[in-house]
Amino acid sequence: MLKDYVKDILKFINDNQNRIAIDAQIFDILDGNILPYVEKSLKEQLNDRALNVAVQRIPSINIFKMIMEKISKIYAKPPVRKAEDSSNQKVLELYEKELSINVLLSRVTTLVNATRRAAIDIFLKDNKPELRIIPAHQFLVYNWDNVDPMKINCFIKFGGFIDKKKGIPLTEPLPVYYLYTDTEFLIIDKNEEVVMDLMVDQNGKPLKFNKKGTVDNPYGKIPFVYISNSKYQLMPAPNIDDLKMSLLPLVLLSDLNYAVKFMSHSILYTIDVDDEKIELNPDTLVSLKSSDEDGGKKPSIGQIKPEVDITQVLKLIFDQMALYLESKNLKVNVADGQANKAESGLHELIKNADFIDDKEEQVGFFVDVEKKLWSLIKLFHDRWNSRGYLDKKFRQSISENFDIHTFFAERKQVTTRAELVKVLAMELEMGVTTRALAIKELRVSMKEEEIKNLLVEIDAEMKKLKELKDPITDNSNNEALSTKKKRDQLGMDNVS
């Protein structure tokens with residue numbers, strides 16, 4: 001049956017090249033590489049000479065990455081997972097620790113918010129299970145069901161390129177696609193041909209083909225967890241809105257920086273001046289000649305200084321960014337004068353925005369993701385364990401009722417940063433959280449090492465403040481205090 005759809009699947013891949021390119025661009029920006037895309041946007045608007053100046057003045061603020069990390073907070077506090085029985089609980093905790101489940105799902109959250117979809121793959125490495133995230137630009141999902149348009153009939157994973165077949169070099173590299181259905185598996189190239197060189201097992205032995213010309217899927221289901229934030233489309237549209245809005249402020253700031261350059265270096269002009277005899281050192285000098293034929297020429301030198309309302313331009317950028325942040329459920333807190341601080345002010349605007357999340361919707365979404373993930377883990381664990389593939393540490397049986405219940409941390413709805421600080425302070429006082437976790441809540445984008453360094457700095461500052469507050473006493477004061485202490489002990493202050 002899978003072979004019947006190969007031609008349609010390849011057309012589907014070709015039709016989605018634009019989607020794949022956009023998803024790849026978003027992934028690249030999320031990974032920290034934003035400047036080339038701002039430069040590309042400027043290139044479409046400026047001539048080469050202006051572009052050479054403007055690209056030197058692009059501010060390095062990855063707005064897209066900051067916002068995506070800001071709204072991806074559901075795993076900021078690790079959830080609690082419970083299995084039905086104690087033996088399953090041990091296996092659960094083993095996988096939680098060894099596969100860094102919370103770290104992986106935190107990254108998945110950010111990726112899904114950025115590209116609207118992602119997938120999780122499980123594989124065996126050195127006899128140990130491992131998980132990896134498949135970004136949106138590395139796969140597609142395909143539906144041929146006439147009844148349910150949201151059903152995944154085929155998972156298409158991009159397998160890179162091959163430069164030879166059966167040992168024979170190709171004239172040009174061919175893209176390769178791994179096709180998975182619930183019952184079949186096949187690896188093909190863009191010419192609809194099966195790539196026999198890759199159809200081998202983990203020991204390099206050729207896989208056994210069935211009568212349909214494919215290989216049976218031994219797991220009985222598509223071996224991936226597919227995650228999409230769309231309720232109505234199997235594959236949501238690319239996240240062009242967030243992408244464009246994240247680039248726009250940088251383009252506008254680059255325009256402003258470009259204008260300021262010419263405000264700082266004005267243009268000189270001369271009229272009927274023999275400039276060869278004048279020593280000048282301007283960035284730009286324009287020499288003009290008048291059309292006066294009666295000999296009444298009056299040589300002169302002037303200055304042209306461009307004017308830009310910097311304050312209004314910054315206000316425009318801030319107003320647009322604030323409206324955009326509100327659309328992402330980020331409550332904006334703008335301090336007085338912050339809109340006049342260009343790049344640093346824009347950074348603070350995003351950094352201090354408070355995420356007002358729809359807790360129930362997010363929890364429901366990721367509870368479903370976790371169910372699919374643990375179901376996939378059990379499926380692979382059982383097969384690997386029964387065939388002796390697993391490392392000794394993982395050789396544990398999982399009972400059939402491997403139902404994992406995930407409980408996300410409940411917390412009061414916080415609408416402002418000040419309220420969040422109060423809530424975290426109460427939790428610290430009650431001993432239900434740590435300083436490191438509290439800082440992580442306030443600074444979601446901070447890495448573990450950065451939090452540790454910050455705590456060291458805070459402790460050092462607190463120590464200095466404590467030393468400054470301690471009274472400075474000399475020997476006479478110490479003696480006076482000692483005498484008073486003795487009198488108190490003897491009750492002498494009550495003797496008249």
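Since we're looking at a predicted model, the values are computed, not measured.
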What I'd like to find out is whether the side chain of [X] reaches to under 4.5 Å of the side chain of [Y], using heavy atoms alone.
X: Lys212; Y: Glu184; value: yes
X: Leu170; Y: Asp163; value: no
X: Tyr177; Y: Lys157; value: no
X: Leu111; Y: Val108; value: no
X: Ile120; Y: Arg132; value: no
X: Tyr178; Y: Ile156; value: no
X: Ser375; Y: Val225; value: no
X: Pro129; Y: Leu131; value: no

Side-chain ion pair, [X] and [Y], N-O less than 4.0 Å:
X: Asp23; Y: Arg117; result: yes
X: Glu448; Y: Lys440; result: no
X: Asp15; Y: Lys11; result: yes
X: Asp242; Y: Arg116; result: no
X: Lys128; Y: Glu98; result: no

Exercise. Phe139: what forms a ring pair (Phe, Tyr, Trp, His ring centres under 6.0 Å) with it, not counting sequence neighbours?
Worked result: Phe155, Tyr226

For this session: Not counting sequence neighbours, which residues clear ring pair (Phe, Tyr, Trp, His ring centres under 6.0 Å) with Phe366? List them please.
Result: Tyr75

Under 3.5 Å, is there a donor-acceptor pair between the side chain of [X] and the main chain of [Y]?
X: Asn47; Y: Ala50; value: yes
X: Asn113; Y: Thr109; value: yes
X: Asn88; Y: Ser399; value: yes
X: Asp391; Y: Lys393; value: yes
X: Asp189; Y: Val194; value: no
X: Asp368; Y: Gly364; value: no
X: Glu192; Y: Ile188; value: no
X: Asn239; Y: Thr115; value: no
X: Glu39; Y: Val55; value: no

For this session: Start with the C-alpha distance between Leu140 and Met235, add both sets of side-chain angles, then the distance that settles side chain to side chain contact (heavy atoms under 4.5 Å, CB included), and finish with yes or no.
Result: CA-CA 8 Å; Leu140 294 170; Met235 284 203 307; 3.8 Å; yes

Problem set entry | Full working for side chain to side chain contact (heavy atoms under 4.5 Å, CB included) between Leu179 and Ile187 | CA-CA 6 Å; Leu179 311 181; Ile187 304 175; over 6 Å; no

For this session: Output, in order, the C-alpha distance, side-chain angles, deciding distance and verdict of side chain to side chain contact (heavy atoms under 4.5 Å, CB included) for Leu455 and Arg435.
Result: CA-CA 8 Å; Leu455 286 172; Arg435 291 194 301 160; 3.7 Å; yes

For this session: Start with the C-alpha gap between Glu69 and Thr110, add the side-chain angles, then the distance that decides, and say whether side-chain hydrogen bond (donor to acceptor under 3.5 Å, both in side chains) holds.
Result: CA-CA 6 Å; Glu69 290 180 346; Thr110 305; over 6 Å; no

Exercise. For residues Tyr37 and Asp28, is any side-chain donor paired with an opposing acceptor at under 3.5 Å?
Worked result: yes

For this session: Decide whether Thr181 and Asn217 meet the rule of one side-chain donor and one side-chain acceptor closer than 3.5 Å.
Result: no

Exercise. Got a sec: does the CG of Asp4 have more than 12 other heavy atoms crowding it under 6.0 Å?
Worked result: yes

For this session: Please report the shortest heavy-atom distance between Lys3 and Gly213, naming the atom on each side.
Result: CE-O, 3.4 Å

Problem set entry | Residue from Arg81, Arg107, Lys77 passing side chain to side chain donor-acceptor pair (under 3.5 Å) with Asn102 | Arg81

Seminar exercise, completed: side-chain contact (heavy atoms from CB on, under 4.5 Å) with Val38: of Leu248, Ile61, Ile58, only one passes, and it is Ile58

Seminar exercise, completed: Test side-chain contact (heavy atoms from CB on, under 4.5 Å), reference Cys154, set Trp144, Tyr180, Tyr5, output is Trp144

For this session: For the pair His405 and Phe407, name the ring-plane relationship: parallel under 30°, tilted 30 to 60°, perpendicular over 60°.
Result: tilted

Problem set entry | Test side chain to side chain contact (heavy atoms under 4.5 Å, CB included) applied to Ile133 and Leu104, step by step | CA-CA 8 Å; Ile133 303 169; Leu104 177 127; 4.0 Å; yes

Exercise. Is the distance between the ring centroids of Tyr95 and Phe394 less than 6.0 Å?
Worked result: yes

Exercise. Should Thr214 and Asn210 be marked as a side-chain hydrogen bond (donor to acceptor under 3.5 Å, both in side chains) after you check the CA-CA gap, both sets of side-chain angles, and the distance that decides it?
Worked result: CA-CA 6 Å; Thr214 61; Asn210 54 35; 3.1 Å; yes

Exercise. Taking it one step at a time, do His381 and Phe402 satisfy ring-ring contact (aromatic ring centres under 6.0 Å, His included)?
Worked result: CA-CA 12 Å; His381 177 93; Phe402 189 62; 8.2 Å; no

